[in-house]
Amino acid sequence: MTPLLLPSDPPPLFRDLQVEPEEARSILRPQKNDGYGFGFALSPYRGCAHGCRYCYVREYPNALHGPEDWGGWVSPKLNAPELLWSQRHRLHNERVFMASATDPYQPLERDYRLTRRCLEVLLLCPTTRVIIHTRSPLVLQDLDLLRSFGNRLSVGFSIPTDDDTVRQAVELRAPAIPSRWAAMERLARAGIRVTAAVAPLLAVHDARTFARRARASGAQGAWVGSLRLLKRDPFYGLLAEHGWLKVLDPAYADEVRQAFHEVFPPPREVRERPVKAAPPPPPPVRQPGLFDKVG
Ligand code: SF4
């Protein structure tokens, strides 16, 4: 397929991006593991221009190029909205996650609007819930559309560090951390449910202040997901070079989780008032916490 030019003037970081539009054969990827909290993943793009250095998708078998080119190419799935429309009967009472293998608001979305058009289809599926996961303030271009979902939609912002110099080393082409906080605040002010995903956990400067910042920015929930490396991952070298190997230590992840737990306590157990002469209640069972998930 002949690579095409970007449709409008890209910012300098994306000038060399290869755009290879395609007609996808499928658009809904079933998620068999209930622990993830959604039934289908939906990626309107293959590849991701953010090119995060740790991204596990870089080694997916359906990648168009090798892991060393990750972030240098993107395939917009031109027929994604039509495919989704044809598959909408599968979405009754389901949760759809956008997206597990790309950022739905990466720079190309400014022109291709595939995420937007998929959302327009999902809006017409009244029992379907939508979880958007992004690193980009570009999500704000769809603010009105997102609002029309009411409580059927939430937006999770991935903010893996409180330190933008860490982001510059690891997610160079993804939007700066302060711009993510600002976008989260605007979404929250517009009445959209937002959550903060500290995932994958990178080096954090001050976990307590970080957690408080998430709360102050309107996050209604937060979770901390540990970093997973690929086999012989070159990202290990980057962590070692910067002195960030602690992010692989489970104790470090627990410490950051604890700080977030203090600011975002898990829901309290609801206990019924004891009835006279009833047998003593069983010992309380610990509910799974918001932060027990692994990203
Ligand atoms: S934004 Fe997400 S999908 Fe894109 S490169 Fe980063 S981690 Fe991977």
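Atoms within a ligand are numbered from 1 in the order they appear, just like the ligands themselves. One is the number of the first residue; the rest follow in order along the sequence.
- The aromatic rings of Tyr56 and Tyr60 sit tilted relative to each other, their planes meeting at an angle between 30° and 60°.
- Ring-plane geometry between Phe260 and Phe210 is classed as perpendicular, the angle between the planes exceeding 60 degrees on a 0 to 90 degree scale with a lower cut at 30.
- Classification of Arg116 and Glu120 as a salt-bridged pair holds, one side-chain N sitting under 4.0 Å from a carboxylate O.
- Listed by chain and number, the protein N, O or S atoms at a distance under 2.8 Å from atom 8 (Fe) of ligand 1 are Cys55 SG.
- Salt bridge present: Arg46 and Glu22 bring a charged side-chain N and a carboxylate O closer than 4.0 Å.
- Ion pairing between Arg167 and Asp164 holds under the 4.0 Å rule for side-chain N and carboxylate O.
- The salt bridge (Lys or Arg N to Asp or Glu O under 4.0 Å) with Glu185 is formed by just one residue from the set Arg213, Arg215, Arg180; it is Arg213.
- When non-hydrogen atoms are compared, ligand 1 lies under 4.0 Å from the side chain of Arg135 (C-beta onward) but not from its backbone.
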